[in-house]
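Start at 1 and go down the list; that is how both ligands and their atoms are numbered.
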Amino acid sequence: MLKSVLTAALLLATPVMAETVKVEATLKADKAGPVINRNIYGQFVEHLGRGVYEGIWVGKDSPIPNTRGIRNDVVAALKHIKVPVVRWPGGCFADDYHWRDGVGPERKPTINSNWNRQIEPNSFGTHEFMDFLSQIDAQPFVSVNVGSGSVKDAQSWMQYMTAEPTTPPGAERARNGQQTPWSVPYVGIGNETWGCGGQMRADDYAYEFRKYAAYVKSSSGKRPFLIAVGPDTDDYAWTETLMKEAAWWRPAATPMMYNIDRPIMDGLSLHFYTLPSNTWQNKGVATQFGEDQWISTMKRALFMDELITKNSAIMDKYDPQKKVALIVDEWGTWYDGGPGGLYQENTLRDALVAAVTLNIFHDHAERVKMANIAQMINVLQAMILTDKDKMILTPTYHVFEMYKVHQDATRIPVNYTAPVYRYGEAEVPMISVSASRDKAGKIHVSVANLDPNRAIALDLILTGVKAKTVTGRTLTAPATDSHNTFTAPNTVTPKPATGVKLKGDTLTANLPAKSVSVFELQ
Ligand code: AHR
C-alpha cells in the first residue's frame with residue numbers, strides 16, 4: 001500500500017517528458033516576395049485609461065524622469081523596438097476630440113464621453129504627441145474627427161500642423177512653440193463610423209469620406225495617405241460599398257486638380273479583436289484560463305488570415321493593381337475583467353497571438369501595408385505596463401522586439417505542412433512560420449509553436465542560399481499564462497535558442513511547446 005502511494009507520488013513529481021513532433025520545412029531563398037512594410041509593426045494609442053496619462057505623459061514637474069513631460073523609460077523601451085508609426089488620438093476618442101482644446105497655453109478640460117466620462121485635461125495634445133514621436137523616431141497617423149467634428153475642423157487642424165510659419169495657421173503653431181511644420185503622412189478619416197464614430201451606414205460614410213478627402217491635405221497641397229474606415233471584423237458588405245463608392249475619384253474629377261491614377265482612398269482599415277470566447281458579453285479571462293481558452297484564442301487569432309483573404313478578394317475587384325492598402329489599425333486580444341480603463345495582464349498566450357498575427361501580415365504583405373496593435377501602453381494587448389514610476393515589458397513587447405528584423409525586409413517563401421494541435425473539438429495548425437531577407441542579406445525565420453504540450457523538432461531545408469552561421473532566440477515560459485509583474489519583470493523574456501545548428505543545408509532547431517523563436521542565418 002505504502003509502496004503504491006510512494007510510486008504515485010513519485011509519478012506526480014516526475015515532470016512529464018514533452019512529446020516532440022518532427023516538422024520538415026523548406027525555405028526558398030531564391031524566391032523573393034514583396035517587402036514587409038515596416039508599418040505593419042505600428043502602434044495605436046488612445047486617450048483611454050492610463051494609455052496616455054501616466055503611460056506616456058507624466059507632466060514636466062513629475063518626479064518620474066521625463067523629457068518635456070514624456071516619460072524617459074517608456075521612450076527608451078519603444079525606441080528599442082523601432083516603432084515605425086503611431087495612430088492617435090483614437091479609437092472612439094478620435095470622434096470626440098476637438099484639437100483646439102489641446103493646443104496653446106490654456107488647455108480646455110473636457111469629458112471623455114466614450115471612456116467612463118473621465119476628465120480629459122487635454123495636457124497631451126498635438127504638440128506633445130509630435131514631441132513624443134520625435135523622441136521615439138516614429139511617424140504620425142492622425143485620426144480626424146468625423147462623428148462630432150466637421151470637414152472645416154479637419155482642414156484647419158491639417159493647416160495648423162503643416163503650414164509654413166509665414167501663414168496664419170503656421171504662425172499660430174509657431175506662437176505655440178513649433179516653428180517648423182510637421183509632416184503628417186497618414187490621416188484616418190474618422191474611426192469606426194459604423195459604431196462609436198457616428199452610427200453611419202456604409203453609403204453615408206462613403207459620402208462623408210469623399211467630402212473629407214477633398215479637403216484634408218497638407219499645406220503644400222500634398223495629399224497625405226488617406227485611410228478610410230473599413231469593416232468591423234467580417235462585415236464584408238461594408239468593404240464592398242466603400243470600395244465601390246469611395247475608392248476612386250468621380251469620373252468627372254478634373255485631372256488637372258487630382259492625380260486620378262492615385263485612388264482617393266489610399267487605405268481601408270480593418271478592426272479585429274481576438275476574444276477567447278468570440279462573444280463580447282463574456283470574452284474570457286486574461287490569466288488562469290484553461291487549455292480550452294488557450295486553443296480558442298489561437299483559433300480566433302488565426303481567423304485574421306481569413307479576414308484579410310476575403311477583404312482582399314473584394315478589394316481586388318475594384319482595385320486589381322492593389323493601390324489601396326488594407327490597414328489593420330486595431331488588432332489584438334481583449335479580455336474580461338481588469339482594474340478598469342481596459343488594462344489587462346499580458347501573458348505568454350498574448351505573445352503567441354502577436355507572433356501568429358505578424359506572420360499572417362507578412363503572408364499578406366502585398367495588400368497589408370500597415371497595422372496598429374491596440375494599444376501601446378496600459379490598454380488591451382499592450383507593449384508596456386506602468387505602475388506610477390515603475391514599468392514592465394510584456395511578452396508581446398518581446399515578440400515585437402524579436403520580430404523587428406522583419407521590418408522592410410523582403411519576404412521569402414517557406415513551404416511546410418503543419419501538424420495539427422487539437423484540444424476537445426478544436427484544432428489549429430501547430431506551427432506558424434515566416435521568413436525574410438533584410439537589406440544586409442541576413443535571413444530571419446520566425447516560428448511559433450502553438451501547442452502548449454508538445455515540442456517541435458524542426459528541420460528547415462535551405463534552398464537558394466548557403467548559410468555559414470545560425471543564431472536564435474526563443475520566448476517561452478513555464479505556464480500558458482506566465483506573465484511579467486512589477487515584482488518579477490523577467491519571467492517571460494527571450495533566451496538564446498537551444499539545439500539550433502546548421503547541418504549542411506538544413507537548419508535544425510528545437511521549438512519548445514508554447515514558444516516563439518526567431519533565427520538569424522548569415
Ligand atoms: O481600442 C479600444 C476601442 O476599440 C477603440 O476605441 C475603438 O475604435 C474600438 O472599438
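Partners of Thr394 according to the side-chain hydrogen bond (donor to acceptor under 3.5 Å, both in side chains) rule, which considers only residues two or more places apart in sequence or in another chain, do not exist here. Qualifying side chain to side chain contact (heavy atoms under 4.5 Å, CB included) partners for Glu366, counting only residues two or more places apart in sequence or in other chains: Pro34, Lys322, Arg411.
A donor-acceptor pair under 3.5 Å links the side-chain atoms of Thr162 to the main chain of Ser219, judged by distance alone.
Figure legend: Arg300 and Phe303 shown as a cation-pi pair, the cationic atom lying under 6.0 angstrom from the six-membered ring centre and within 45 degrees of its axis.
Residue-level contacts of ligand 1 at the 4.0 Å heavy-atom threshold are Phe44, Glu46, Gly91, Cys92, Trp115, Asn191, Glu192, Tyr273, Glu330, Trp334, Gln375, Leu380.
Considering only heavy atoms from C-beta on, Glu427 stays 4.5 Å or farther from Lys299 through its side chain.
Residue pairs that meet the salt bridge (Lys or Arg N to Asp or Glu O under 4.0 Å) test with at least one member in residues 277-286, sequence neighbours left out, are Lys283-Asp336.
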